[in-house]
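Remember, it's 1-based here, ligands and their atoms both numbered in the order they're listed.
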Amino acid sequence: MIDFTLTDEQLAMREMAHDFAEKEIRPVAWDYDRDGTWPQEIIEKAWELGLMNSHIPAEYGGPELGTLDGAIIEEELSWGCSGITTSLSANGLACTPVILGANDELKKEYLGRLSEAPLMAAFCLTEPDAGSDVSGMKTTATRKGDKWVISGSKCFITNGEYANWYTVFAKTDKEAGHRGISCFIVPRDAGVIVDKHEDKMGQRASNTATITFPDVEVPLNHLVGEENHGFKLSMMTLDHTRPGVAAMATGVSRAAMEMAIDYSKERVQFGVPIAMHQAIQFMLADMATKVHLSRLSYYNAATLLDQGRRNTIESSHAKRFAADSAMEVTTDAVQVFGGYGFIKEYKVEKLMRDAKILQLYEGTAQIQRLVIARETLLPRKADAPVTV
Ligand SMILES: Cc1cc2nc3c(=O)[nH]c(=O)nc-3n(C[C@H](O)[C@H](O)[C@H](O)COP(=O)(O)OP(=O)(O)OC[C@H]3O[C@@H](n4cnc5c(N)ncnc54)[C@H](O)[C@@H]3O)c2cc1C
């Protein structure tokens, strides 16, 4: 039977996350966006309440929630502000390769750090010349005695400036393309340099930085998973985290739709509230459909993972559809506000700026379509095993 009825625990968690978004995030979201403020206080409160690191297994001190549970939290927090939510949820991106592939010693040390204190970790895949095509990365990891030496630079790294440790993808075989990539944990105090803080169009309360590894040395056991299996690990990671991005997009769309509904009931033109004009009603109806289907698509993609099943295509469907929908819904919400929508005082413009990044990070809208096309043209066996 197909049933997306939430359990009592999920309903309670959703309520707690919504309450947090309403009381702690929304009141500061627009100021933090204007000033590009790092949300340290919010991170500490969210960590205290268990709204961060939902994915960390109980044996490493985490709440060990399911993928769907975590995504439900992300929708609510993003209704408050998706920039602040990107800061709160990026540990999930950094930790997933570790949870999927690291040895027990590494998991205890590095997942344990995030369970014990409100610390951040960052996922370092992208480079200036290697975005959608990560096989072009130039960062290398070379074995030297009992160490790996990591050399290179990563750009656009979420939480890069504040991370306590980094999950870093580097070439261990320069000639082997994507089959020559491995994954490592690099603690910040190994000599990591924060080079550049990005000034962004949207999600301005999230931190995005260039990170350099100048011949940084880590012990041999800091390899995550098998040598040269890093590309697969990164793709499996994105299968796990894309439902969360789709959930964030759903939260942004919902916030924009609510603002548009409220405004359409207040604003009078031609003697009636603009909500009485069918053209406005149809825009609101399309928003409602997109919010509903975005939510169903991330519920589906997350639930498959929670059942231990492959979700590659569903994850891309959800991320692609919900992110494109968030861009459309927020643009239409500005349209409902007319000229006022373009004025910062009316707040809805922030959502349109924030929505744009959802179509870019964790695989652009085009890359999601490439994944969907590949999985559609060459379908894998249903229930193919999920392995690193
Ligand atoms: C705010 C922000 C936060 C980020 N956080 C992180 C992070 O924490 N960690 C991390 O590793 N990275 C992060 N990224 C990087 C992000 O994932 C990349 O920007 C993204 O994957 C696209 O890479 P690119 O910017 O190099 O674009 P490119 O790959 O150069 O793409 C440019 C355009 O070409 C299109 N394109 C490329 N290849 C194809 C193709 N084969 N077919 C069709 N179209 C194609 C793309 O869709 C895009 O429209 C972040 C980026 C931003 C802006």
Q: Angle between ring planes, H222 versus Y110, binned at 30° and 60°: parallel, tilted or perpendicular?
A: perpendicular

Q: Between K319 and D324, is there a salt bridge with N-O shorter than 4.0 Å?
A: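 No.
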
Q: For ligand 1, list all ligand N or O to protein N or O distances below 3.5 Å, rounded to 0.1 Å.
A:
residue: ligand 1; atom: 5 (N); partner: F156; partner atom: O; Å: 2.8
residue: ligand 1; atom: 5 (N); partner: T158; partner atom: OG1; Å: 2.8
residue: ligand 1; atom: 8 (O); partner: T158; partner atom: N; Å: 3.0
residue: ligand 1; atom: 8 (O); partner: T158; partner atom: OG1; Å: 3.2
residue: ligand 1; atom: 9 (N); partner: F123; partner atom: O; Å: 2.8
residue: ligand 1; atom: 11 (O); partner: L125; partner atom: N; Å: 2.9
residue: ligand 1; atom: 11 (O); partner: T126; partner atom: N; Å: 2.9
residue: ligand 1; atom: 11 (O); partner: T126; partner atom: OG1; Å: 3.2
residue: ligand 1; atom: 12 (N); partner: T126; partner atom: OG1; Å: 2.7
residue: ligand 1; atom: 14 (N); partner: F156; partner atom: O; Å: 3.3
residue: ligand 1; atom: 29 (O); partner: S132; partner atom: N; Å: 2.9
residue: ligand 1; atom: 29 (O); partner: S132; partner atom: OG; Å: 2.6
residue: ligand 1; atom: 47 (O); partner: T364; partner atom: OG1; Å: 2.6
residue: ligand 1; atom: 47 (O); partner: Q366; partner atom: OE1; Å: 2.7
residue: ligand 1; atom: 49 (O); partner: Q366; partner atom: OE1; Å: 3.4

Q: Could you list the donor-acceptor pairs under 3.5 angstrom formed between side-chain atoms of residues 177-184 and any protein atom two or more places apart in sequence or on another chain?
A:
residue: S182; atom: OG; partner: T172; partner atom: OG1; Å: 2.5
residue: S182; atom: OG; partner: N228; partner atom: N; Å: 2.7

Q: Using distance only, find each side-chain donor-acceptor pair of residues 271-284 under 3.5 Å and give its atom names and separation, not counting sequence neighbours.
A:
residue: H277; atom: NE2; partner: Q269; partner atom: O; Å: 3.3
residue: Q281; atom: NE2; partner: A275; partner atom: O; Å: 3.0

Q: Determine, step by step, whether D354 and R204 satisfy the salt bridge (Lys or Arg N to Asp or Glu O under 4.0 Å) criterion, reporting the C-alpha distance in whole Å, the side-chain angles of both residues, the deciding distance to 0.1 Å, and the verdict.
A: CA-CA 8 Å; D354 286 350; R204 291 172 50 77; over 6 Å; no

Q: Got a sec, which residues hit salt bridge (charged side-chain N to carboxylate O under 4.0 Å, His left out) with R188, two or more places apart in sequence or on another chain?
A: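 Once residues adjacent in sequence are excluded, R188 has no partner under the salt bridge (charged side-chain N to carboxylate O under 4.0 Å, His left out) criterion.
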
